[in-house]
Every structure is written in structure tokens, then in C-alpha cells.
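In what follows, chains carry the letters A, B, and so on, assigned in the order in which the sequence lines appear, proteins first and then strands, with residues in each chain numbered from 1.
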Amino acid sequence: MGLTKYSTEHYWQLREKIRERLFSHLNPAQLEAVKTGKGPVLCLAGAGSGKTMAMVYRILHLYLFGAEYQRQVKPPFDLTDDDIELMEAWLQDAKEGRITGLPQRMVALFCRNGVEPRRILAITFTNKAAQEMKNRLEQLLGETMHGMWVMTFHAACLRILRREIAVLDYGKDFSIYDAADQLQVVRNIVKEMDLDEKKYSPRMFLSIISRFKCELKNTEKAAREAQGDYIMEKAATIYAEYCRRLKQNNAMDFDDLLMKTVLLFQNNPDILAKYQERFQYILVDEYQDTNHVQYILVKLLAARHQNLCVVGDDDQSIYAFRQADIRNILDFERDYPQTKVIKLEQNYRSTGCILAAANEVISCNKARKAKALWTEKGQGELLTIYEANDEHDEARFVCERINALLDNGENYRDCAVLMRTNAQSRVLEEWFMKRGLPYVIVGGHKFYERMEIKDIMAYLRVLANPQESVGLRRIINVPRRGIGEATLQRVEEYGEAKGMVLFEALWQYEEIGLSTRASKGIIGFLELMEGFREAVGKMTVTGLTEKILSETGYVESLRSEKGADSQSRLENLQEFLSVTKEYDEQAEEPTLQEFLGRTSLVTELDGYEDEANAVVMMTMHMAKGLEFPNVFIVGMEEGVFPHARSLLEEKELEEERRLCYVALTRAKERVFLVHARQRNLYGRMNHSGPSRFLEEIPEDLWKEYMVKDDFFKTTMSTSGRMGVNGGNSMLFSVGDKVEHKKWGQGVVVSAKGEGTDVELTIAFPSQGIKKLLTKYAPLKKI
DNA sequence: ATCGAGCCAATTTTT
DNA sequence: TTGGCTCGAT
């Protein structure tokens, strides 16, 4: 061991060469973002400018080479000739274009002069982004960076809160309420206050409450500021009651996770200091989307070391309605005077025409940081604008152009249809089905929002946290066990009077004096729950879930229901069980609590990519961060896009314009913009002119598409063919031979229903006749 | 307790 | 036009 042939100087030279080589494919701006490890960095990353790559490489650089690269006096003590040879060989390979990952040994040597992973915190908004970052780092390193936190704001806060639960006035098994749970609580309050639900919608109050929390307003402050404004006074009252109930339920909503973490830090300087010391290097993705709490949270954590790198694009801020505050990014330099501003303006995604159009549109906004994307790509094709007769003609046009693209060698999955609102998808879907074009809708209703999933989750939640009444209320009579609304009201009233939560009050069923039937139901329920309670901790989450599903009779009651609906619910439950199984197997120390925490912070978006080859339809909001060779933007009319609700306020209009910018910059090769002369909205025919955004695109960047074919060819024909999209995006017609995952081969006997909910009747020779929803069933055409 | 008719409102939604 | 929700009849 020890060095023989080589000088220490040689080691440092090699290391430097390797470092240069590793980052050699980055452009100068990206490189600067990567190498500026110390101090505040504002990285303005335009659309398609290689932002994720810059972040990933920045972390890699910190890990391997530290924040301030410098030659050390001594090489690692255990450096050997073999190591030197390894480094030389790697360099040789790299020169010949064979960079794959880094050899373990090299990583091990280098990282001794780097930043410890546990000092790094990388925050994203979505699980998907966090996962992607982790994956790419893993790919480069061939190992995971243990101790580093790469996660969403909410996940990070949840972890901190659970760790610091001791100083929090909360039980350690607190539940996390999602939007539906929140709404339920507000609705109950509004009802009890005898407010007219029509005039004072719970939704509105909920959004005001969310704003209070995001602005870190406590109930007193909210009440003080509300004085004189009737609605706000009511809102403040509801806010106070809402907080009280969540507290009583030992529950937090999404906003609480952030707000309580900030409060925790503000009230406990020692705890804050601990995390400041731990996270010496902080990265924040999509900084333009941060709201006030998130802003403060980051500010607190970064205050000590100021090694804060935020990445974002003010032009892509499209979540103001979720309290995202664009000032956070616009004023970053003011907040951190030492800031180094780095602009990533080279775009690697779109053609010149697309980029020019996007630049022109966004330049109409006033509140923005000046920047101009450029590309080395050629001009590419002109954008296409089509004036459709109506929404059907619009959909027809999209189908037709996609078919043309297909003849051109493009794939379905290379095409995306972007719209302003979800409702616009209906007509498009109809036409896609008729034309036999496979498509997927991204977004829409989510797995964890399905009734059966919410039910089983509610059981699990209540078992983890019996104080939790919203979940309890949900499942107490599911499946039916004769505990009706009237009974519940009485139990609740009793509980309220005695200061008990619902679950405690239930135990007092004798005191309350209920009907025999109700009592029997409650006893049955309590006995069941007792059985489950004993199983918590002794069984795996999967085991517990199965126990609940069978002993409550949930599965049985679904089975006895006929129809495709209950069938798909059973399948969803099966899917849920595979989620629990995966968790049980993969988690280091599986617990019910952790499982719940994890799943409540998960959404669907995390992986539509695996889907089959199909056209992707989604809202423009959902498209952020994605890219497609061909992008269709439909509904380019005043009132639709920009949306009618945004026309009054300049601010909102600018947000719509940013949305347009986001939509345009999704495209790599081609953009098709469609507006309709008339459109059926809410059952009424509407005539609106072309979107102002169309007028903002210079004429030399687009061409108008003219109809060549006969109008009658474009009207919908009612053929017997009934197509459907599916998880697999397949189309089925009567007579098709199909293969089902479980039941094997069969023949489609009939198809009925509309939209995505087409129910197929399929004859399986071995299993008999089954009714299935294509949407959910694991079916394949053969 | 449960189901169906009728009424009303109607963006976007990373967690 | 749709879907979500309330209220009234079984």
C-alpha cells in the first residue's frame, strides 16, 4: 500500500482533469451554477435550459469536490498505484467518449474532500422531480447518497415535525388531512354556524383559510384584520374553529406541515440551529412557485450558512392561485445581497420559431426579469394556426393532424394536446375514440381520491390515530351497519358536551340511550376496531389491510354489487394491496404511521411515462416540466384561454400569459394552435374571437391551416365502433378478441356507455361473462 | 336509512 | 352540458 511511482502532485492533476471532464458537456452558465458552491445563487433557468441537469451536477460537484474546489496538501492516505491507474483509465475512456458512471473507488476517494451528503438539502415541489433527481444522481454515482435529503417541501417538513414531535403540542401519530378532509371540516362548521352554504361556500372559506396559513397568520391576527369586513369576519371565525378541530383530531393539513415547521423553528432557536447546522447546502427547485411560508422556511434554514441555490423561472410561475408568490424570485437579490445571478438562456428543446413565438408572447408581460431564450437549433417549421368551426371541428382537426404526423413517422406518444380546463377534454375524447386514436389523460381523478381507496385509508388512519374524526365518520357506516346520520348526530352532541372526540363518545353508547339497532351497530363496529387495533404493529400493513377488508365485509359487499363499477373498485383495492406490499417489502422499518405519511404526500403524476404509446391529453398546468415533439393547444379563444375569470385583473392575465408561455415551450418540433369560431359552453353556444395570445405571435412565425376536405367528412359519423382509452390506451370494439390479465382470452360481446366510462361485456370461455370497465381492466387486444 | 328527482354552479390544483 | 349536492319520498 501507499504510493510508489506517482507523486501526490500527479493525483491532484488527475483529479482536476477528471473534474473538468465530468462537467465538460455543460455550457458556461450551467458550469457556473454547478461550481459556485458557496453563497446565495439565483439561477434563472428558462424553459428547456437544462435546469435539472444543472441541479444534479451541482449536487454531484458538492459531493465529490466540495463547495470551493481547491488542491489539498495531501492526497487520501490510502491512495495506491492501482487508484492512479484507475483514474488514468477512466480519463482515457472518457476521452474516447465512454463516460458511464464513476467507479466506486474513485467516488470513495474524491468524496473525502467533498461535502457530506447529510449537509445537503434539495427541495422540490413534486415527488416526481425529487425522484428524478435521485435517480440521476444514482446513475452517475452508482450508489445512493445516504443522508442527503432530496424531497418535497411537505415531505421534508413532515419528517422534521415527526422528529421534533416532543416539543410540539401534537400527538406523534397525527394524521394528514387532504383537500377533501379539509373541506369536510369546513363544511361541518359552516353548517353548524347556520350560514347559507350557497352564499358562503365552504370552498371559498377553505381557500381563505389556506391563505391565512400560507401567510403565517394566526387566528388572532386574522380576526383583527378582518374587522369590518363581514365575510372576512366569518372566515376568521371559521378559521379559528377549523384550527381547533384539527388540533382536537390530532390532524394537520398540507399547509400545517409547512406552517407548523416554521413556527417550530421560530419558537425553538435551538432546534432551528440544529437544522441550520445540518443543512449547510440548500437547493430549491421551481423557486418561482414558492409561497410565503415556503419562502420563510427556506430563509430560516439558509440564514446561517447562506449557501442557498434557488432555481426557477419567473416566466413559468403559474400557481399564484395556490398562493405562489412571484416576488420571492423577483426579490431574491434584495433578500440576499451577495447573490450571484446565473441565467440559463440556452434552450435545448425547441426550434427557433417556437422559441421566438414564446419569447414574443411572454415579452408582453410587465412583471418579469428580462431574459431571452436562444437556441442553436434551426428555425424549424412555422407554427400552425387553425380556425375551427366549433369544438367538434377543432377535435377533428387535431385527430387529422395527428394522423398526418403518424404517416410522417411520429409516434402517438410524441403528440400532446394541451387545454386550459379539464372540461375541454370531453369532445376531444369522443373524436379520439371515433377515430381510433389511443390517448391517455394525465391528471383527472386520482387513485388516492377514489372512494374505495379513501375508505380503506380512512380505516388505517383511524387505527393509527383514533382521535381523528373525519376519517372515523367516513367509515363508521361503511359498509352499512345501521349507524345513520341521526345516531351520529346524537353521539357527536354527547361527545361535544363531554369534551370527547367521536371515538371516545362511541364507547359511551349506553349512556347516550340509542336505539337497539344503532347500539348493535356501534358495538359491532367497536369490536371490529378493537380487533384491528390489536393487530397494528403485529401485522404488516398488507396484513392489516387484508384483515380490515375481509372482516368488515367491505370486499364482500362490493362483490355482491354487480356492474363494472364495483368490479373496478375491487381491482383498485387489489392495486392498493400491491402498494402496501411494496411498502412492506421495501421500507426499512415498516410502520402504519410511516406508510400513511408517505401515501398522503403522494400523487399520481409520478410516472405516466410508463404508459403505452398514446397521445397525451392534459391541462397546460399539468404539462409544466414535460416536453413533446408535437404540441396541440386547443381552445385559443378569449374567455377560454385566457380564461374569462382572469380578464378583469391584469395580474391574472399575466399569469394566463405565462401559462401560454409554458404551453408553447413544451414543444420541441411543432406547435398547432386551434381556435373555434363558436363553441358550446355549459350547454350554450358561444362566439368568441381568437385569443389575444395568438395576436401576440408575429405573423412571420405562423401559417394558417386551410381545410381541404369536404365538410361532411368532418362531421361525426355514428358507426358501431365503440372505442375506449384505457390504462393501456387500447380501443375495443364488439367482436374484438381480448386478453385479460387474470381471466385469459375472451371476446367483446357488447360495449355501452360514453366518455371514458365504457362498459364492456366480455365472454371468457373458461370464466363466463364479465362486465368490465376498459378504463381500469387489465385488457389487451389480441 | 336509502334512493332518486331536481337544483345550481361551472379555472387551473405540484402537496 | 355535466356533476355534485340537498331534500323529500319510500
A:M620 CE to B:dT13 P, straight-line distance once rounded to whole Å: 11 Å
NA contact type, A:Y319, heavy-atom cut-off 4.0 Å: base, sugar-phosphate, or nothing? base
Where along residues 673-680 of chain A does a heavy atom come under 4.0 Å from DNA chain B, residue by residue in number order? none
What I want to find out is whether A:R473 reaches A:E468 closely enough, with some N-O distance under 4.0 Å, to be called a salt bridge. no
From B:dT13, B:dA1, B:dT11, nucleotide with atom closest to A:A486 side chain: B:dA1
Is any side-chain N or O of A:N422 closer than 4.0 Å to OP1 or OP2 of B:dT13? yes
For A:D253 and A:Y242, test the side chains for any donor-to-acceptor distance below 3.5 angstrom and give the result as yes or no. yes
Compare all side-chain heavy atoms of A:F641 with those of A:M620 and state whether any distance is below 4.5 angstrom. yes
Side-chain donor-acceptor pair present, A:D325, A:Y295, cut-off under 3.5 Å: no
Nearest-Å distance, CG (A:D390) to P (C:dT1)? 15 Å
Side chain of A:R426: nearest nucleotide among B:dT15, C:dT2, B:dT12? C:dT2
Taking the minimum atom-to-atom distance to the side chain of A:K191, which one of C:dT6, B:dT11, B:dT15 wins? C:dT6
Please give, in whole Å, the distance from B:dT2 C1' to A:I483 CD1? 16 Å
Atom pair distance, as rounded to whole Å: CD in A:Q489 and P in B:dA1: 11 Å
Is there a stack between A:F321 and B:dT12, judged by ring centres under 5.5 Å and planes under 30°? yes
Counting only side-chain nitrogens and oxygens, does A:R517 get under 4.0 Å of the OP1 or OP2 atom of B:dA1? no
Among residues 471-481 of chain A, which residues get a heavy atom nearer than 4.0 Å to DNA chain B? A:N477, A:R480
Grab the CE-P distance between A:M259 and B:dT15 for me, whole Å please. 21 Å
Between A:I318 and A:G482, which has a closest nucleotide on DNA chain B that is more 5'? A:G482
When you compare the side chains of A:Y448 and A:D178, does any donor N or O come within less than 3.5 Å of an acceptor on the partner? no
Atom CD of A:E485 and atom C1' of C:dT6: how far apart are they, to the nearest Å? 13 Å
Could you check which of B:dT11, C:dC5, B:dT15 has an atom nearest any side-chain atom of A:R645? B:dT11
Is the base of B:dT12 syn or anti, if syn means a glycosidic angle within 90° of 0? anti
So, does A:N127 get its side chain near the phosphate of B:dT15, meaning an N or O under 4.0 Å from OP1 or OP2? yes
Without hydrogens or angle criteria, can the side chains of A:E594 and A:Y583 be said to hold a donor-acceptor pair below 3.5 Å? yes
Planes under 30° and centres closer than 5.5 Å, is that true for A:H154 with the base of B:dT15? no
With no hydrogens and no angle check, just 3.5 Å: does a side-chain donor-acceptor pair link A:Q288 and A:Y319? no
B:dT11 OP1/OP2 closer than 4.0 Å to side-chain N/O of A:Y682: yes
Look at the aromatic rings of A:Y275 and A:F265 and report parallel, tilted or perpendicular, splitting at 30° and 60°. tilted
Given A:N389, which of A:E394, A:R679, A:R677, A:Q678 fulfils the side chain to side chain donor-acceptor pair (under 3.5 Å) condition? A:R677
Anything under 3.5 Å between a protein N or O and an N or O of nucleotides 8-10 of chain C, put it in a table, one pair a line.
none

Electrostatic pair A:D181-A:R461, nearest N-O below 4.0 angstrom: yes
In this structure, how many angstroms lie between the C1' atom of B:dT11 and the NE2 atom of A:H643, rounded? 4 Å
In whole Å, what is the span from the CZ atom of A:R203 to the P atom of C:dG3? 15 Å
Does some side-chain heavy atom of A:L596 sit less than 4.5 Å from a side-chain heavy atom of A:D173? no
Side-chain N or O of A:T619 closer than 4.0 Å to phosphate OP1/OP2 of B:dT13: yes
Quick test of your reading of the model: are A:E215 and A:K217 salt-bridged, counting only N-O distances below 4.0 Å? yes
Let's see if you can work this out: which of B:dT13, B:dA1, B:dT15 has an atom nearest to the side-chain heavy atoms of A:T152? B:dT15
